[in-house]
Every structure is written in structure tokens, then in C-alpha cells.
K.L.:
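Sending over a structure as C-alpha cells; questions will come in a sec.
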Amino acid sequence: MDPKVLYWTGAFINMGAVVALAVAGVRAARRRAFLQHARYMTAAALLVFAFLGSYVLKVAFLGREDLATWEASARLSLYVHETCVVAMLAGGAVAFWRGRRLRRTRLVTGSAEAPAPTAGGLRQHRWAGRIAVAGCVLGLLSAVGVLLGMYRRVGWM
């Protein structure tokens, strides 16, 4: 058993859960269930933060992967995957920041006394959210190739 490959298998399952929560959050927003949308997206973000914390521990205890032993195509797959993850993190950060401001608006609270959301704030939140969800889904899809390559290198396939 290779502990690094086991770790990345767990990380893949975690990313699958992040995608499922993000899709559920998008569906909630389309139903105009904005508090439920916020809960799904917050849960997805917490799983991302849990992964980031676990990655620090993984590097401390297991070390980094030796990319010198990877084929060029496997390294390219990893770089594509990492680019998708960066898009997810950047889009998610902006969407979260804009979403926090939207929580006080009448769109979310349902209160006539609450301020109306700004068109620019809504637009930025939507675009950033779309980038985050697309990065997340593409990150999961690209992780399949990276993980299968790891399985092959350790003789699991």
C-alpha cells in the first residue's frame, strides 16, 4: 500500500463531495433558495479548507510526489488539474466575498426593509461562482487521469 496514493484517493473522494455540494448549491440558487444555496456552498468551502489543511500534513509526513519519475504526459495532466483547482479557489474566494455582502440584502432575507442587492455585486457573484464550479468539476474530471496514472505507477492497475 502506498500511503501517498491512498491520500490522493481520499482527496479525490473529497473533491467528489465538493462537486456534489456545489451542484446542489447551484440548484438551490436556481430555485431562489438562497439560504440553502449559501449552506451548500459553505459546506463545499469547508471541505476545500479541510483538504488544504490535510495537504500541509501530508507534505510534512509523507513528502511531495517525485515528479521526475512521472511521464511528461502525466505531468501535463497534473498541471491541467492544478490550473482547474486554482480557478476553483480564486472563483470561490470572490464568490464567497461577494456572497457575504448579498446575505444582508432583501434578495436573501426577504425583508422589504433590507437593502436591494447591487446589479454589479450579483453579476460578480454569479460569474465568480460559475468559474469556481467549472473549476471544481473540471478539477474532478482531470483528477481521474492523474489518479489513474498514480495507480499505474504503483502497480495497482
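Source: prediction; values computed, not measured. The first residue of the sequence shown is numbered 1, and numbering continues consecutively from there. The basis for the numbers below is simple: all heavy atoms, side chains too, and nothing from hydrogens, waters or symmetry mates.
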K.L.:
For the residue pair Y55 and W8, does the interplanar ring angle fall in the parallel (under 30°), tilted (30 to 60°) or perpendicular (over 60°) class?
P.N.:
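Y55 and W8: tilted rings.
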K.L.:
Do you know the tightest heavy-atom contact between G92 and A132?
P.N.:
N-CB, 3.3 Å
K.L.:
Between E82 and R75, is the closest basic N to carboxylate O distance under 4.0 Å?
P.N.:
no
K.L.:
To the nearest 0.5 Å, what is the distance between CZ on R123 and CH2 on W127?
P.N.:
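That separation rounds to 11.0 Å.
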K.L.:
V86: which other cluster members, linking ILVMFWY side chains closer than 4.5 Å, directly or transitively?
P.N.:
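Cluster partners of V86: none, it stands alone.
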K.L.:
Not counting sequence neighbours, list each pair that qualifies as a side-chain hydrogen bond (donor to acceptor under 3.5 Å, both in side chains) and has a residue in residues 102-113.
P.N.:
S111-E113
K.L.:
Compare every heavy atom of A22 with every heavy atom of V133, then report the nearest pair and how far apart it is.
P.N.:
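Smallest heavy-atom distance, with atoms named: CG2-CB, 4.1 Å.
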K.L.:
Rounded to the nearest 0.5 Å, what separates atom CG in N14 from atom OH in Y7?
P.N.:
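Separation between the atoms: 8.5 Å.
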K.L.:
Just verifying a value: how many Å separate Q36 CD and M41 CE, rounded to the nearest 0.5 Å?
P.N.:
11.0 Å
K.L.:
Between M88 and M15, does the side chain to side chain contact (heavy atoms under 4.5 Å, CB included) criterion hold? Intermediate values first, please.
P.N.:
CA-CA 11 Å; M88 175 190 72; M15 192 163 203; 4.3 Å; yes
K.L.:
Are the side chains of F12 and V144 in contact, using a 4.5 Å heavy-atom criterion?
P.N.:
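SC-SC contact between V144 and F12 confirmed.
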K.L.:
What are the two closest non-hydrogen atoms of D2 and W156, and how far apart are they?
P.N.:
N-CZ2, 3.7 Å
K.L.:
Report yes or no: do V23 and L21 belong to one cluster of Ile/Leu/Val/Met/Phe/Trp/Tyr joined by side chain heavy-atom distances under 4.5 Å?
P.N.:
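Yes: a chain of side-chain contacts under 4.5 Å links V23 to L21.
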K.L.:
Please report the closest heavy-atom contact between G135 and A87, naming both atoms and the distance.
P.N.:
CA-CB, 4.5 Å
K.L.:
Got M150 and T9 here, is their nearest side-chain heavy-atom distance under 4.5 Å?
P.N.:
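Counting from C-beta outward, M150 and T9 never come under 4.5 Å.
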K.L.:
Would you mind listing every ring-ring contact (aromatic ring centres under 6.0 Å, His included) that reaches into residues 72-95, with sequence neighbours excluded?
P.N.:
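Output for this query is empty, none listed.
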K.L.:
Please report the interatomic distance CG(L89) to SG(C136), rounded to the nearest 0.5 Å.
P.N.:
9.5 Å
K.L.:
So, the side chain of S54 versus the backbone of F51: is there a donor-acceptor pair under 3.5 Å, distance only?
P.N.:
yes
K.L.:
Going from CZ on R153 to CG on L148, what distance comes out if it is rounded to the nearest 0.5 angstrom?
P.N.:
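With rounding to 0.5 Å, CZ (R153) is 10.5 Å from CG (L148).
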K.L.:
In this structure, would V18 and V56 fall into the same cluster of hydrophobic residues linked by side-chain contacts under 4.5 Å?
P.N.:
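Looking at the clustering, V56 is in a separate group from V18.
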K.L.:
With ILVMFWY side chains joined below 4.5 Å, transitively, what does L57's cluster contain besides itself?
P.N.:
F61
K.L.:
According to a 4.5 Å side-chain heavy-atom criterion applied to Ile, Leu, Val, Met, Phe, Trp and Tyr, with indirect links allowed, do L147 and W70 form part of one hydrophobic cluster?
P.N.:
yes
K.L.:
Got a sec: does the CZ of R31 have more than 12 other heavy atoms crowding it under 6.0 Å?
P.N.:
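More than 12 within 6.0 Å, yes.
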K.L.:
Using a 4.5 Å cut-off between side-chain heavy atoms of Ile, Leu, Val, Met, Phe, Trp and Tyr, which other residues end up in the same hydrophobic cluster as V108?
P.N.:
F34, L35, L102, L107, L122
K.L.:
Where do I131 and G91 come nearest, in terms of heavy atoms and distance?
P.N.:
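It is CG2-CA, 4.2 Å.
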K.L.:
Does a sphere of radius 6.0 Å around CZ in R130 hold more than 12 heavy atoms from other residues, nucleotides or ligands, not counting ones at 6.0 Å or beyond?
P.N.:
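Yes, because the 6.0 Å sphere around CZ of R130 holds more than 12 heavy atoms from other groups.
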K.L.:
Out of curiosity, does L140 fall in the hydrophobic cluster containing L46 (side-chain heavy atoms, cut-off under 4.5 Å, transitive links)?
P.N.:
no
K.L.:
Give the C-alpha distance, both sets of side-chain angles, the deciding distance and a yes or no for side chain to side chain contact (heavy atoms under 4.5 Å, CB included) between V5 and E65.
P.N.:
CA-CA 10 Å; V5 175; E65 280 60 40; over 6 Å; no
K.L.:
For R152, enumerate each residue passing the salt bridge (Lys or Arg N to Asp or Glu O under 4.0 Å) test, keeping only those at least two apart in sequence or located in another chain.
P.N.:
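Checked R152 against salt bridge (Lys or Arg N to Asp or Glu O under 4.0 Å); matches are E71.
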K.L.:
Would you indicate whether the side-chain heavy atoms of L52 and V48 approach each other to under 4.5 Å?
P.N.:
yes
K.L.:
Write down the atom of L138, the atom of C84, and the distance for their closest heavy-atom approach.
P.N.:
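Shortest heavy-atom separation between L138 and C84 comes out as CB-SG, 3.7 Å.
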K.L.:
Same cluster or not: are V154 and L67 linked, directly or through other Ile, Leu, Val, Met, Phe, Trp or Tyr residues, by side-chain heavy atoms under 4.5 angstrom apart?
P.N.:
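Linked within one cluster.
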K.L.:
Can you tell me how far the NZ atom of K58 sits from the NZ atom of K4, to the nearest 0.5 Å?
P.N.:
5.0 Å
